[in-house]
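Below is one structure, written out as structure tokens; comments come after it.
Lettering follows sequence order; numbering is per chain, from 1. Just so you know, these numbers use all the heavy atoms, side chains as well, and skip hydrogens, waters and symmetry mates.
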Amino acid sequence: MMETRSIMIVGVGGQGTLLASRVIGSVLLTGGYDVKVSEVHGMSQRGGSVVTYVRYGDKVASPIIEKGQADLIISFELLEAARWVSYLKKGGKIITNTQQIEPMPVITGAVKYPENIVENIKAAGVDITAADALSLAVEAGTPKAVNVVLMGMVSKTVSFDEQVWLDALKQCVPPKVLDVNLKAFELGRGIA
Amino acid sequence: MSKLMLGNMAVARGLYEAGVDVVSSYPGTPSTEITEFAAKYDEMHTEWAPNEKVACEAAIGASIAGTRAFCGMKHVGLNVAADPLFTVSYSGVNGGLVIGVADDPGMHSSQNEQDSRHYAIAAKVPLVEPADSAECLLYTKAAFELSEKFDTPVILRLTTRIAHSQSVVSESERIPHETGEYVKNSEKYVMMPANARPRHAAVEKRTEALREYAENCPFNRVEMGGTKIGIITSGIAYQYAKEAFGDEASYLKLGLINPLPEKLIKDFAAKVDKLYVVEELDDIIETHCRKIGLSPVGKELFTYIGEYSPVYLREKILGEKAEYTEYPENVPVRPPVMCAGCPHRGLFYILHKLGVTVSGDIGCYTLGAAAPLSAMDTTICMGASVSGLHGFNVARKGEFEGKAVAVIGDSTFIHSGITGLINIAYNASNSTVIVLDNSITGMTGHQNNPANGYNIKGDPASAVDIEAVCRAVGIDRVRVVDPNDLKATEEAVKEELAAKAPSVIITRRPCALLKSVKHKPSAVVDSDKCRSCKACMKIGCPAISMSTGKAKIDNTLCVGCGVCGGLCKFDAIKEGV
């Protein structure tokens with residue numbers, strides 16, 4: 001029996017983490033796995049730190065992921081990569097956007113935004129891929145496609161046929177903005 | 001066809017497949033999507049009601065009329081709907097009646113983490129609890145059959161991790177429910193004392209029958225594995241236990257939580273060496289076990305507080321700890337904030353500036369309590385801002401009059417603010433209520449409401465005239481301001497606080513996240529003019545920072561609301577082009 005694998009999608013409320021989890025969930029379901037996705041709605045979505053769990057395998061029981069368990073963390077924002085790194089399993093991987101969104105305690109000047117996050121995570125022996133997904137999203141046509149750029153990066157790690165990813169995107173993205181998102185996906189896929 | 005579905009979406013699918021005709025709900029995290037998804041099926045009449053009591057009563061009416069009916073709410077919503085619940089338990093149903101309630105252990109988006117299972121016991125109605133989306137669909141359908149078979153309303157209880165987790169579901173066809181005959185039956189449906197007394201006897205008889213049913217209910221199942229550890233559990237806690245112990249342990253997985261079986265539990269207990277009850281929040285199942293003479297390990301080991309997890313259970317039962325590496329430095333917290341361009345921001349800035357006492361309420365604007373706005377003194381429940389302010393002012397004999405206000409959103413005002421306002425007018429307290437009208441129910445994810453002119457389908461609907469309501473209940477001083485106009489807002493608050501009469505200020509501007517709201521270009525900072533005085537930082541806008549020593553506006557977040565520009569004495573913040 002295959003051990004259940006765990007993917008975390010972390011970011012800031014409003015960045016489109018829910019869409020990303022739905023795309024990944026759809027890809028995994030097509031791949032024949034049992035899948036559970038746990039989301040957070042409501043108050044914490046308002047610009048707070050948000051996390052979505054995706055778990056897949058032959059038979060998944062718990063929908064949540066705990067410290068030391070994630071095979072892959074997809075971080076939409078740099079500080080969030082640092083916040084959730086403790087959830088990574090030994091030998092796990094982080095894919096992170098280098099975009100920085102200052103949390104309120106930094107904005108009010110109570111604390112500073114930490115420096116050298118990617119370096120610190122690397123120094124802890126963690127496999128981390130960092131890229132400026134925001135610039136690539138803008139290049140694709142809209143800053144809102146950050147999530148899809150990251151999906152492109154992830155598609156190389158969670159390796160399914162590219163067509164499966166594209167079909168999942170088509171299912172989850174409104175037709176109006178599909179072209180921009182397909183471009184964002186290809187730009188992300190080009191990095192990893 | 002197999003699909004990934006949120007638990008809430010699977011409940012909606014269950015309503016559809018069960019042939020439900022009427023769904024009436026009030027939004028509340030984590031229950032909201034049940035009704036949103038239900039509204040996508042045109043076969044069902046689906047609506048948002050002004051509050052949970054009204055929703056529940058609408059569903060009761062539909063049930064008495066002979067159709068299958070449902071109402072959905074969050075745990076605290078059941079407090080509001082408790083009045084009809086306790087008596088519809090006596091009257092029973094005609095068409096099946098199911099009340100969906102979603103608890104929020106861990107308080108992801110709630111003001112308390114009460115355990116709704118107590119209501120099922122207190123109201124003497126059956127309660128079923130699914131453990132994944134497939135069971136959400138299955139149990140929803142079964143709940144209607146149970147309701148009709150035993151002539152009782154049934155509570156379908158979810159928790160956040162069931163409601164907001166997606167798992168695999170297989171759909172089937174809708175089987176239309178034949179609307180039963182409506183026959184006047186006052187002995188059953190008119191709950192005056194002479195009729196209610198025999199109905200109470202009927203309820204007790206029903207409970208006996210349900211107890212028997214619980215022994216063989218297909219939703220109570222035994223899964224035997226290793227017999228050193230035996231776990232009685234339900235809902236999400238079952239998934240955590242299963243993840244933690246797999247085949248190492250044996251499980252009695254309960255789907256019908258009220259009433260609980262006796263023989264089934266005793267038989268299971270006899271098969272295992274050590275018996276545990278694993279349930280989040282209160283000790284409902286454990287207490288039942290003790291009542292029938294068992295001594296399981298329960299809350300002496302596991303907490304009453306918050307959510308459980310597989311690691312937590314292994315740690316508690318086996319003493320194991322998880323291994324992980326922390327980030328080497330402190331990571332700043334990222335609490336939720338009012339969005340950039342949020343129309344509540346201007347008002348809370350003024351309330352903070354004036355240093356008034358703020359009686360708060362439930363909604364996005366509860367975030368006005370957070371720094372740097374810090375403009376909230378109390379938040380208890382829906383509507384308590386208005387009624388609480390009145391009590392506060394009466395108690396302090398005028399000391400706080402002119403220094404305290406209530407803040408309440410449009411949807412919350414409709415839900416239960418109006419009655420409090422009637423009390424202010426009727427008992428002549430010199431109180432000032434501010435209705436924050438952003439034309440939507442915001443926090444739960446943008447639901448239309450009776451004040452915004454649209455129904456659940458997005459079609460035009462009758463809209464409550466909030467000003468007219470306030471005047472009609474006896475408030476003479478009613479005025480409307482734009483909260484992004486700081487000067488006008490400050491003037492309005494000062495004048496109404498100074499007036500020796502009850503008053504209402506309506507701060508009116510639509511939520512900045514509404515698709516219909518056109519945004520202006522991002523504001524820009526002229527860094528030559530910026531003196532780094534940080535005046536613009538006082539509004540706590542997530543788009544403004546001082547990371548470069550001068551004010552900087554993030555143009556991916558800013559929607560050009562202009563509030564910060566009004567605070568700059570040096571004219572350094574300009575409208576974007």
Is chain A contacted by the side chain of [X], its backbone, both, or neither, given a heavy-atom distance below 4.5 Å?
X: B:P332; value: both
X: B:C342; value: neither
X: B:I162; value: neither
X: B:D132; value: side chain
X: B:E323; value: backbone
X: B:K534; value: neither
X: B:A340; value: neither
X: B:Y238; value: neither
X: B:T32; value: neither

Practice item. Using salt bridge (Lys or Arg N to Asp or Glu O under 4.0 Å) as the criterion, list what pairs up with A:K90, not counting sequence neighbours. Key: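 By the salt bridge (Lys or Arg N to Asp or Glu O under 4.0 Å) rule, A:K90 matches no residue at all.
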
Main-chain N/O of [Y] paired to [X] side chain as donor or acceptor, under 3.5 Å:
X: B:T548; Y: B:K550; answer: yes
X: A:S6; Y: A:V54; answer: no
X: A:S21; Y: A:L18; answer: yes
X: A:E77; Y: A:I101; answer: yes
X: B:R314; Y: B:S309; answer: no

Roughly how far, to the nearest 0.5 Å, is [atom2] of [Y] from [atom1] of [X]?
X: B:S522; Y: B:D554; atom1: OG; atom2: CG; value: 7.5 Å
X: B:S165; Y: A:I64; atom1: OG; atom2: CD1; value: 9.0 Å
X: B:T160; Y: B:E307; atom1: OG1; atom2: CD; value: 6.5 Å

Name the region of [X], side chain, backbone, both or neither, that has any atom closer than 4.5 Å to a heavy atom of chain B.
X: A:V35; result: both
X: A:V111; result: side chain
X: A:I107; result: both
X: A:T52; result: neither

Check your understanding: Do any pairs count as a ring-ring contact (aromatic ring centres under 6.0 Å, His included) and have a residue in residues 57-96 of chain A, sequence neighbours left out, and if so which ones?
Key ->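 ring-ring contact (aromatic ring centres under 6.0 Å, His included) check on residues 57-96 of chain A returns A:W84-A:Y87.
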
Practice item. Can you run down the ring-ring contact (aromatic ring centres under 6.0 Å, His included) pairs that involve residues 90-136 of chain A, sequence neighbours left out, and say none if there aren't any? Key: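 Non-adjacent pairs meeting ring-ring contact (aromatic ring centres under 6.0 Å, His included): zero.
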
In terms of heavy-atom pairs under 4.5 Å with chain B, which of [options] leads?
options: A:G68, A:A82, A:P63; answer: A:A82
options: A:T108, A:V60, A:N120; answer: A:N120
options: A:K144, A:R55, A:Q69; answer: A:R55
options: A:G109, A:S38, A:G25; answer: A:S38
options: A:E39, A:K67, A:K36; answer: A:K67

**Study point:** Ion pair A:E102/B:K552, N-O distance below 4.0 Å
**Key:**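 No, this pair does not count.
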
Review point. Taking 4.0 angstrom as the limit, do B:K3 and B:E171 come out as a salt bridge?
Key: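 Between B:E171 and B:K3 there is a salt bridge, with a charged N closer than 4.0 Å to a carboxylate O.
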
For the interface with chain A, which of [options] has the highest count of heavy-atom pairs at distances below 4.5 Å?
options: B:I236, B:N330, B:V333, B:V168; value: B:V333
options: B:L6, B:L557, B:T556; value: B:L6
options: B:A322, B:P335, B:S133; value: B:P335
options: B:E243, B:M537, B:K538; value: B:E243
options: B:C541, B:P310, B:S545; value: B:P310

Ignoring hydrogens and angles, state whether a donor on the side chain of [X] or [Y] is under 3.5 Å from an acceptor on the partner side chain.
X: B:T412; Y: B:Y365; value: yes
X: A:E80; Y: A:S49; value: yes
X: A:R189; Y: A:S155; value: yes

Review point. Any chance NZ of A:K170 has more than 12 other-residue heavy atoms, nucleotides or ligands included, within less than 6.0 Å?
Key: yes

Review point. Which members of residues 175-184 of chain A, sorted by number, sit under 4.5 angstrom from chain B on a heavy-atom basis?
Key: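 Within residues 175-184 of chain A, no residue comes under 4.5 Å from chain B.
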
